[in-house]
Student: 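Before I ask anything, here is the structure I am working with.
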Amino acid sequence: MARVALVTGGTRGIGAAISRSLKEAGYLVAANYAGNDEAAHRFKDETGIPVFKFDVSDLGACETGMRAVVEALGPVDVLVNNAGITRDVMFHRMTFDQWSQVVRTNLDSMFTCTRPVIEGMRERGFGRIILISSINGQKGQLGQTNYAAAKAGLVGFAKALALENAARGITVNVIAPGYIATEMVQAVPPEVLKTKILPLIPVGRLGEAAEIARAVVFLAADEAGFITGATLAANGGQYMA
Ligand code: CAA
């Protein structure tokens, strides 16, 4: 029986590449999305991957959404907590709403998306939980106090959850992408990207979403059971933790 994988934020950007790669690797994939119906339906038509609309920052919506995934595909074996947003602004100009939107979507979602699947994983004695963090949670980034705080939080969450579930066949790992060619990075002012970011990437280019997806497929494998609590950087050499 194919294992079931759920990718949050799985219809666009890095998440879409992850969904596609997991499908190619033989998983039954469900892709979550929050708001962009047009992109989600296009993704579904192109890939045949079913899409599930719910807001990862809302516990009730996640519980309902997860039930729909389980009814359609079966219990979730692989959870990829990928959904994330930015609200970049200097902290001295940041509103609490800008702070809170990012923390709810990027960090509260660790609870809201993982809590509904963890008991089943423990009962079945297998699970792969993969969290998509960021280079900017490791090194900091001006304009991103909210995002860096949330993304750094994923690492502590992963280590604690990995310890709690290590004896139950469940691994919990983090991938920390650098600057990847997606809409999120395209939202960075072009001059800033050209003069302040690209020159700092030793491989000399933005990463590709498929390069992150490849790391997810590696960590999701049954054979990756000895890797847990780890953070894998994929950032073109920009930051070596
Ligand atoms: N690195 C270094 N310096 C930067 C910078 C960066 N990424 N972004 C801005 N600066 C510099 C500016 O060049 C400017 O310097 P000078 O005064 O010497 O010209 C100074 O910081 C202030 O910048 P702005 O004048 O642009 O100020 P602002 O208030 O209008 O905007 C900002 C500030 C919100 C930080 C904006 O510049 C911005 O959005 N920067 C990009 C931040 C960023 O890198 N976000 C990552 C998004 S991608 C992502 O999050 C995915 C991931 O996980 C990697």
Side-chain angles (χ1 to χ4, degrees), residues 7-19 21 32-36 39 56-57 80-110 113 130-158 173-216 219 230-241:
V7 183
T8 68
T11 64
R12 292 195 295 139
I14 292 176
I18 295 171
S19 298
S21 293
N32 151 265
Y33 73 104
N36 191 332
V56 297
S57 69
V80 185
N81 281 333
N82 163 76
I85 59 169
T86 54
R87 294 290 179 269
D88 291 1
V89 56
M90 298 299 232
F91 185 69
H92 55 274
R93 285 195 279 271
M94 187 177 287
T95 64
F96 183 62
D97 194 45
Q98 288 167 326
W99 170 270
S100 185
Q101 282 181 33
V102 170
V103 170
R104 280 190 281 118
T105 299
N106 299 10
L107 185 58
D108 286 3
S109 59
M110 297 303 123
C113 295
I130 300 162
L131 315 179
I132 307 302
S133 178
S134 165
I135 185 175
N136 292 343
Q138 298 179 297
K139 73 169 185 55
Q141 170 58 47
L142 63 83
Q144 288 203 310
T145 50
N146 47 5
Y147 187 86
K151 291 297 190 183
L154 269 57
V155 175
F157 172 72
N173 292 292
V174 177
I175 298 172
Y179 283 76
I180 308 298
T182 62
E183 284 171 41
M184 187 181 272
V185 168
Q186 278 153 16
V188 171
E191 207 40 41
V192 169
L193 193 61
K194 195 168 141 223
T195 61
K196 307 278 184 186
I197 294 172
L198 277 170
L200 301 180
I201 305 176
V203 304
R205 62 172 174 86
L206 296 176
E208 295 295 330
E211 293 175 298
I212 305 305
R214 180 175 165 74
V216 172
L219 291 171
T231 298
L232 176 60
N235 61 32
Q238 188 183 349
Y239 183 73
M240 302 182 188

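The structure presented is a predicted model; accordingly, all values stated were derived computationally and were not measured. Both counts, for ligands and for their atoms, begin at 1 and track the order of listing.
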Student: Would you mind writing out the side-chain donor-acceptor pairs for residues 197-214 within the sub-3.5 Å range, not counting sequence neighbours?
Tutor:
| from | atom 1 | to | atom 2 | distance (Å) |
| --- | --- | --- | --- | --- |
| Arg205 | NH1 | Glu211 | OE1 | 3.0 |
| Arg205 | NH2 | Glu211 | OE2 | 2.8 |
| Glu211 | OE1 | Glu208 | N | 2.8 |

Student: Enumerate the residue pairs fulfilling side chain to side chain donor-acceptor pair (under 3.5 Å) with a member in residues 232-241, sequence neighbours excluded, ordered by first and then second residue.
Tutor: none
Student: Assess the residue pair Ile85 and Asn106 against the criterion (side-chain contact (heavy atoms from CB on, under 4.5 Å)); give the C-alpha distance rounded to whole Å, side-chain angles, the decisive distance to 0.1 Å, and a yes or no.
Tutor: CA-CA 7 Å; Ile85 59 169; Asn106 299 10; 3.8 Å; yes
Student: With a 4.5 Å cut-off on side-chain heavy atoms, are Asn32 and Val7 touching?
Tutor: no
Student: May I have a table of the N/O to N/O pairs between ligand 1 and the protein that fall below 3.5 Å, each row giving the two atom names and the distance to 0.1 Å?
Tutor:
| from | atom 1 | to | atom 2 | distance (Å) |
| --- | --- | --- | --- | --- |
| ligand 1 | 7 (N) | Gln141 | NE2 | 2.7 |
| ligand 1 | 29 (O) | Arg93 | NH2 | 2.6 |
| ligand 1 | 44 (O) | Tyr179 | OH | 2.9 |
| ligand 1 | 45 (N) | Asp88 | OD2 | 2.7 |
| ligand 1 | 50 (O) | Gln144 | NE2 | 2.9 |
| ligand 1 | 53 (O) | Ser134 | OG | 2.6 |
| ligand 1 | 53 (O) | Tyr147 | OH | 2.7 |

Student: Heavy atoms, side chains only, cut-off 4.5 Å: are Leu154 and Thr231 in contact?
Tutor: no
Student: Please set out all donor-acceptor pairs under 3.5 angstrom arising from side-chain atoms of residues 175-186, sequence neighbours excluded.
Tutor:
| from | atom 1 | to | atom 2 | distance (Å) |
| --- | --- | --- | --- | --- |
| Tyr179 | OH | Asn136 | ND2 | 3.1 |
| Tyr179 | OH | Gln141 | OE1 | 3.4 |
| Thr182 | OG1 | Met184 | N | 3.4 |
| Glu183 | OE1 | Arg12 | NH1 | 2.8 |

